Amino acid sequence: VQLQASGGGLVQTGGSLRLSCAGFGRTFSPESMAWFRQAPGKEREFVAGIIWSNEVTFDADSVKGRFFISRDRIKDTLVLQMNSLRPEDTAVYYCAASPRITRAAEFYRYWGRGTQVTVSS
């Protein structure tokens, strides 16, 4: 499995971006997938996750009501819709897959290359 995130870019405060994660086939069945982010000089942090089987989602408090994670079963992709973006959302965003339902990065087994999101003030 080789995950690949895409869709990052430069956006103004208040704008939106849609990230996608591909690289897995229809038979891929982790317990959960998630988005993490890492800003310069900071630790990688959990952003949003989804239970793969029933698509129940769980989010970090910092993005609640602004970011929405979903699974596109037709395109076999993981999506992160990001709205009302703020400068503090600037980071490299990574998608990941885990055999557990967890927010902890150490339990995610597969990681994609990140995509840069920059929010200007």
Side-chain angles (χ1 to χ4, degrees):
V1 176
Q2 290 189 334
L3 304 178
Q4 178 65 54
S6 61
L10 174 63
V11 64
Q12 291 186 331
T13 296
S16 297
L17 281 174
R18 183 179 175 90
L19 305 184
S20 293
C21 176
F24 50 89
R26 196 150 296 172
T27 59
F28 186 58
S29 58
E31 282 298 309
S32 65
M33 291 195 72
W35 291 94
F36 289 79
R37 66 186 181 188
Q38 188 165 19
K42 294 189 176 181
E43 291 188 354
R44 189 169 297 189
E45 66 170 344
F46 170 83
V47 175
I50 184 167
I51 300 173
W52 206 237
S53 59
N54 60 17
E55 301 181 32
V56 171
T57 63
F58 45 106
D59 310 320
D61 289 344
S62 59
V63 305
K64 261 189 208 304
R66 300 189 300 123
F67 291 13
F68 302 93
I69 187 171
S70 62
R71 174 184 177 182
D72 187 325
R73 290 179 180 263
I74 296 175
K75 296 181 180 178
D76 289 331
T77 57
L78 177 72
V79 176
L80 184 68
Q81 177 66 43
M82 305 188 296
N83 302 323
S84 302
L85 282 160
R86 305 167 179 169
E88 54 265 38
D89 295 318
T90 294
V92 177
Y93 283 70
Y94 300 88
C95 57
S98 175
R100 299 188 183 195
I101 299 169
T102 178
R103 297 168 183 251
E106 63 261 36
F107 296 119
Y108 279 79
R109 184 173 298 170
Y110 299 102
W111 289 86
R113 286 188 174 183
T115 184
Q116 176 71 47
V117 171
T118 303
V119 185
S120 63
S121 57

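Quantities reported herein were computed from a predicted structural model and do not represent experimental measurements.
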Check: Who are the salt bridge (Lys or Arg N to Asp or Glu O under 4.0 Å) partners of Arg113, not counting sequence neighbours?
Finding: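 For Arg113, no residue satisfies salt bridge (Lys or Arg N to Asp or Glu O under 4.0 Å) once neighbours in sequence are set aside.
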So which atom in [X] and which in [Y] form the shortest heavy-atom distance, rounded to 0.1 Å?
{"X": "Ser120", "Y": "Leu10", "answer": "CB-CD1, 4.3 Å"}
{"X": "Phe36", "Y": "Ala104", "answer": "CZ-C, 4.4 Å"}
{"X": "Ser98", "Y": "Phe107", "answer": "OG-O, 2.7 Å"}

Hey, could you give me the [atom1]/[atom2] distance between [X] and [Y], rounded to the nearest 0.5 Å?
{"X": "Gln116", "Y": "Thr90", "atom1": "CD", "atom2": "OG1", "value": "7.5 Å"}
{"X": "Glu88", "Y": "Ser62", "atom1": "CD", "atom2": "OG", "value": "9.0 Å"}
{"X": "Gln4", "Y": "Cys95", "atom1": "CD", "atom2": "SG", "value": "7.5 Å"}
{"X": "Thr77", "Y": "Asp72", "atom1": "OG1", "atom2": "CG", "value": "4.0 Å"}
{"X": "Arg37", "Y": "Arg44", "atom1": "CZ", "atom2": "CZ", "value": "13.0 Å"}
{"X": "Arg71", "Y": "Cys21", "atom1": "CZ", "atom2": "SG", "value": "12.5 Å"}

Note to self: Can you pull out every salt bridge (charged side-chain N to carboxylate O under 4.0 Å, His left out) where at least one residue sits in residues 48-64? Sequence neighbours excluded, please.
What the structure shows: Glu55-Arg73
Notebook entry, point to check: Is the closest side-chain heavy-atom distance between Ser70 and Gln81 below 4.5 Å?
Noted result: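 Ser70 vs Gln81: side chains apart.
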Margin query: Are Phe68 and Ile51 connected into the same hydrophobic cluster when the rule is that any two of I, L, V, M, F, W, Y join if their side-chain heavy atoms are below 4.5 Å apart?
Written below: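 Different clusters: Ile51 never reaches Phe68 through Ile, Leu, Val, Met, Phe, Trp or Tyr contacts under 4.5 Å.
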Notebook entry, point to check: Are Val79 and Val56 linked, directly or through other ILVMFWY residues, by side chains that come within less than 4.5 angstrom of each other?
Noted result: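 As far as the 4.5 Å side-chain criterion goes, Val56 and Val79 are not connected within one cluster.
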Next item on the list: Please determine if Glu31 and Arg100 form a salt bridge, counting it only when a charged side-chain N lies under 4.0 Å from a carboxylate O.
Entry: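 Answer for the salt bridge query: no.
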Next item on the list: Please say whether more than 12 non-hydrogen atoms of neighbouring residues, nucleotides or ligands are located less than 6.0 Å from CD in Glu106.
Entry: yes
Margin query: Tell me if the centroids of the rings in Tyr94 and Tyr108 come within less than 6.0 Å of each other.
Written below: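 Centroid distance Tyr94-Tyr108: not below 6.0 Å, so no.
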Checklist line | Members besides Ile69 in its Ile/Leu/Val/Met/Phe/Trp/Tyr cluster (side-chain heavy atoms under 4.5 Å) | finding: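 For the cluster that includes Ile69, the remaining residues are Val1, Leu3, Val11, Leu17, Leu19, Phe24, Phe28, Met33, Trp35, Val47, Ile50, Trp52, Val63, Phe67, Leu78, Leu80, Met82, Leu85, Tyr93, Tyr110, Val117, Val119.
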